[in-house]
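Input: a single structure, listed below in structure tokens.
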Amino acid sequence: MVKVKVKEKQNKVFICTGTGCVLSGSEKVKSAFKEEFKKRKISEIDIVQTGCHGFCQQGPIVVIQPEGVFYPTVSAENVSRIVEEHLIGGEVVEDLLYEDSRTGKKISLYKDINFYQKQNRIVLRNCGQINPEEIDDYIESGGYKALEKVLNKMSPEEVVEEVKASGLRGRGGAGFPTGLKWSFAQKAPGAVKYVICNADEGDPGAFMDRSVLEGDPHSVLEGMMIAAYAIGASEGYIYVRAEYPLAVKRLKIAVEHAKKKGFLGKNILGSSFDFEIKMKEGAGAFVCGEETALMASIEGKRGMPRIRPPFPAQSGLWGKPTNINNVETLANIAWIITNGADKFAAIGTEKSKGTKIFAVTGKVKNGGLVEVPMGTTLRKVIFDICGGIKDDKKFKAVQIGGPSGGCLPTEFLDTPIDYESLTQTGAIVGSGGMVVMDESSCVVDLAKYFLTFTQKESCGKCVPCRVGTKRMLEMLERMTKGESDEKELVLLEELARDVKVASLCGLGQTAPNPILTMLEYFQEEFEEHVKEGRCRAGVCSELIAYVIKENVCRGCGVCKKHCPMGAITGEKKQPHEIDVTKCVKCGICMQHCPFDAIYIAK
Amino acid sequence: MSEQITVMINGKEAKVPEGILIIQAAKMAGIDIPHLCYCECLPSTGSCRVCLVEIEGAKGLVASCARKVKDGMVIDTDTEKVREARRFVLELILSNHPGDCMSCDKNGACELQKYAYELGIEKTAFSMKDPGYEIDRSNPFIERNYNLCILCGRCVGICKTQGADVIDFVKRGMVTKVATPMDKPLQESGCDFCGSCLAVCPVGALLEVDRRFRGREWEMEETKTVCSYCGCGCDLVFGTVDGQIMRATGESLGDFLCAKGRFGWDFVESSKRITKPLIKKNGVLTESTYEEAFEFAAERLLDIRKAHGANRIGGFIGAGNTNEVAYLFQKFLRAGIGTNNIDSSARLLGFPALVDLYEALGDGAVVSMENIEEADALLLVNADVTVAYPRVGVAVKRALSNGAKLVVVDAGRTKISEKADIHIQSMAGSNEFVLSGLLKELLDGKVYDEEFAKKCGKFEDLKKSLGKLKMETVERESGISKDVLKEAAKLYGEGKKTVIIFGAETVSPQTMELIADISLLTGKTKASVLPCLLSSNLWGTVYMGALAEFYPGVRKADEAGSDFEKAWGVKLSKEAGLSIKEMLDGMGSSILGMYIIGADPVAQLPNSSSVAKSFSSLDFLVVQDTFLTETAKLADVVLPGVTLAESNGTIVNMEYRTKEVRTAIEPLVQADWETVVALSKKVNYTMDYSSEKEIAKEIKSLVSIPKKIEKNTYKFTLVEPKISGEEPDKKYPYTLIVGETTFGFYDGVRTKNSKLSELEPNMGDYVVFNSDDAASLGLEDGCKVTVKSRRGKVITSAKILDFLPKGMFFMPSCHNKQGVLSSDGIDLKLKSPQDRLIAVSVSKEGVAK
């Protein structure tokens, strides 16, 4: 292990205040540092609140700069030791350091941690590295240089060409070439045009946009400004979820600061370019992430998609040509302009350039935000960067692309993650959600989970999505209860295909994707549910039973005490029994049994 | 004309106009693509997914209602893939539908049923469910059963384009539903009950309450006729089964009808209709036979003529009768009786001042609804269009959605004024000042057409007169700053296609002159001024010669007399006819006998207690009407009248269009024309007609209702602005404005006998106060109040709503309580009363002042 010599004067304490770390207690950690500094009369060390580091499973995260010593899961109680031993004593606190899950070794530096080492952070370049509420931090790290460059040295056409040349594709899900999109809006006739930032991130489990907005809001604003300059817009909207209060707050601060510094307003940086940004907070409908519904919502109408064409580039917000990009897409722009399209295009695969952020959740050891070059394999992300499956169980599948994506089994682990390769499998890159499942997850149950979400979020406008998703969900519900039959399994697949073909917008057109891929790759498991009434993962509660092993049970009565339904009976020191008619299969008994005497009968 | 392009539909080449939708192109080629949410009168939403088609080269299936055709497009509307998708969508819809077609009124006319049948869906693969919504039967007209709703959104769309915009989708996913704000009942949501939603609903979710279980669509006989309410004269199609009216609709899907048009016909079937002639015996009206009634009436009229001369007899006719009846009535009086004393309710509703306006502007005052819809700037003067002339209201709304600018001059806030760019909320009665101010601003701001104005008569005089007008006076009298007028002048003056719309019954003759001046000054003389007429046949009634000043054809009596003597074969009286006001003044002395058709002067005319007294002093009164009106109650003989739904003939609407009225149901009583002919025969003047057609033929031979007004005088009128109506003073410090309401109509005779009255609070018996006045007068909503004027007092109830400024109150005309209060001071030039602005005092009932 490398010993780091600490230079006292230059020290800075970076405390992550992304939503994940805040929830795990980083505000308390921050107060503890302040308290400790006050007590010890330390004034020369700055406490800097940063955005998300992406390694949310390890929060609250504290990084001591400039060396970049990484302390995970810091509690308020640990703070005095870090101050005492590290900041004053000049020695890293070894037992508080991150331990590599594979090697068991302690690692002190941020950059040496496997999770970060294998990533290529372009979009997340500033996240965790700067104070998102200070525009000067962004400027110091090279911010607004790209805006300066386009305003001084590039024509709008050149900007569009540069973005085209970079090969950047929309990160919101569909992967449409960004430069091409801009050129449509640029060429559309009209004096009034709009730029919209789609920050209505809604996929369950996806939080990359939130992290960027919270950790580096100016990179998004700069992207919007460049887009506005390129297409000839002087007004922009950020449509952001109201459920992201921290992102909203930081965006508001960022817009204020940018105005004060002259990056927004009239004659920006002495040019003839005028640009203003307004915020619109969404009221919590998933479908408002669909661009036409989003625009309707900004206009104050019910957020419902409409048929395209006309596309927003022709007739968008208030009927004017409009360019809509998602947060992650926009956060790439300044980097491309500053570093050049070639450099961006050098990353990734032939048709999918640059990097993509994935939000890895589920049964992995190290979940969080992972930004990797396009074309990285699923295996590398799941097993290398994220450390493999929790408790060393067997990998079963990964649901990629959120509720619109697909579910891929082991044989696809070596599939490179790019738009084309994933589409071939039936999954999509989507917004980049990745839910990893092990053998204790049931695919039918997972299908039900995603469909519950999509059918609830269907806007109700078109029949296939409104009624079709509900009927599919009802079938899945019957399957998880053992009330279905083989005929229904056939009908489910037909229904899923029809909903995909006949729906009006992306929500309905992709809602059947999880089911279709699961039916294709896990047909057997569905059949077990409908034919045998068996759930091999032991998840579908109607298909399993909790049983006490007579020969193992010591009659301690713990299970009986904890059972909320009073379903367990038995004399002291005698084997107990579970009354199946009362049992609701909550599993509490099994969790509490000190002798592992309770098992699930499938 | 757009260019023709070639497309292939189902393997056949078709030439269709560029830019139309695939579904429209297919229709032209004779192919009906199944559709549920698409409706040709509405913007496409593409939501039902039934109209999916295959297009060569397109990704997936395409909604044909939302994609335009392109040259060379190859479209397949009937492949197995398409049929499968349609079947699938319909099965899904059916899986959420109760499927109780047995007792559904839409059975046979339901579009869901039609396509399910066409695609051979015997049973949905998914189990059928009843969503379990409670059926809304809380209002008298529209039954809402959302269990049958397929969420096509047509009702939402049409409510936005021509209704009150009170419904939209609420909630998401499977629980999505169409609802009013907060899901309140329609009658509490601001719904105007235009019923447009009913017309477009493809299934049985929205149904006419009256129609339930009374007949299926295929049993219905349809008769196209004209609405009998306001002067819009909308086309109306009655659907009848076994001689009973089931419903009224527009001619095609998107046609607008208002609540009165669509639902207010039910008075036709009221049990209060007069079905037998009545003769007053010992002070009591007693049923008699027609023969007896005719004998009696003729005898009394002849007695008066014999003893005192024909000019002691007069007649009065409502402006809602057909041209044929109006013509016959005046012929009966002029030729049969021998008097020119004939007048009509047209005098209370804008005539004869309107004749001057038509003569000043020629066809400039002939404006169609399309002209309004295409306008880019509109000026509304005292025209509460959405309430009083709803079809005009829709036209204005459509113009606004096309981007038109709107200036509204109205003392009160209205649904239309809320959409205005400028609302000139001037003091009641100050229109002449506002318009004079506008004229001056147009001139001074150089927003006028000098070249044209110079060609018009008296331009120099106008300039001089406006030069003398002080804007301070305008500001003081109207309460409107000159800056606002300047801005309004600019907005209107800079319009390329403009229309000035005013309520003919609400403005003074001088206001009409000022409107003509504005039109001439700005050179906007093509379809530029629309007088909104309140009665269905105002123009026709005047044109048929039922106004004291004019013979048929709007010909001056002294010039035309000899022509008609020839035509009618009798000597006609040379004495000028008396207006209704003059007849009233003479009742009991110079007027002894009166014949009234389809009008209720005792309720309509101002200062009604004195009117009733005058009518009581007559020797003989015969009234022909559908209901026992206030006037009929005073009559010696009452003859049963028919409604427009039982009549044949023509009317002339406010667009100057002649429209045909047709009998939708078997008349309950003898037709009006037959009654007049029979009575005429008894006074020894035989009018020989076998049908209304023959009357029409005679009219045509004598006068032609011109399709186009060709003459115009193009001369400015110099108007010295005055306050119209009665001015308040210390004793009567407030102004009571009498006007129309959404569910009431004019004299209330029809609406009172319709279920419309259930929607009008207290059947229109109320006065609206704003909250400031209510507070200072100590009134609360619903309390009884005494309203007093110089003529009399009434007790009514208070309603507190903030749409008028302080000191101005509103009373619906349909309850006719204003008659007791209103002033019968007349405009000498026009012999017409100005009875819509009354000076009053108010006190809470039961509280000593």
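Protein chains get the first letters and strands the later ones, always in sequence-line order, with residue 1 at the start of each. A quick note: this is a predicted structure, and the numbers were derived from the prediction, not measured.
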Count the heavy atoms of every other residue, nucleotide or ligand shown that sit under 6.0 Å from [atom1] of [X], and state whether that count exceeds 12.
| X | atom1 | value |
| --- | --- | --- |
| B:E134 | CD | no |
| A:K280 | NZ | yes |
| B:E418 | CD | yes |
| B:K160 | NZ | yes |
| A:F176 | CZ | yes |
| A:K351 | NZ | no |

pair B:T176-A:C459: side-chain heavy atoms closer than 4.5 Å =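 A side-chain contact under 4.5 Å is absent here.
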
query = Hey, are the side chains of B:F88 and A:V501 touching, using non-hydrogen atoms and a 4.5 Å cut-off?
reply =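 No, their side chains stay 4.5 Å or more apart.
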
Part of [X] lying under 4.5 Å from any heavy atom of chain B:
| X | value |
| --- | --- |
| A:S503 | backbone |
| A:L491 | side chain |
| A:K461 | both |
| A:V287 | neither |

Any idea which heavy atoms bring [X] and [Y] closest together, and the distance?
| X | Y | result |
| --- | --- | --- |
| A:L504 | B:G46 | CD1-O, 3.1 Å |
| A:R466 | B:G173 | CG-O, 3.5 Å |
| B:R49 | A:I307 | NH1-CD1, 3.7 Å |
| A:G284 | B:R172 | O-NH2, 3.8 Å |
| A:R302 | B:D168 | CD-OD1, 4.3 Å |
| B:L92 | A:V463 | CB-CG1, 3.9 Å |

message = With rounding to the nearest 0.5 angstrom, report the CG to CD distance, A:D498 to B:E84.
response =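 It is 5.0 Å, given to the nearest 0.5 Å.
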
Heavy-atom distance under 4.5 Å to chain A: side chain of [X], backbone, both or neither?
| X | result |
| --- | --- |
| B:L151 | both |
| B:R86 | neither |
| B:E91 | neither |
| B:A66 | both |
| B:L36 | neither |
| B:K177 | neither |
| B:F169 | both |

task = Could you list which of residues 472-485 of chain A have a heavy atom closer than 4.5 Å to any heavy atom of chain B, in residue-number order?
result =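 Expected list: A:E474, A:M475.
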
ask   = Step by step, would you call A:K470 with B:N96 a side-chain contact (heavy atoms from CB on, under 4.5 Å)?
value = CA-CA 10 Å; A:K470 176 73 178 174; B:N96 211 40; over 6 Å; no

message = If you count heavy-atom pairs within less than 4.5 Å of chain B, which of A:C505, A:P305, A:C462 leads?
response =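 Option with the top pair count is A:C462.
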
inquiry  = We want to know whether A:R471 and B:S95 form a side-chain donor-acceptor pair, criterion being a heavy-atom distance below 3.5 angstrom.
reply    =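 Checked: A:R471/B:S95 side chains pair up, N/O donor to acceptor below 3.5 Å.
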
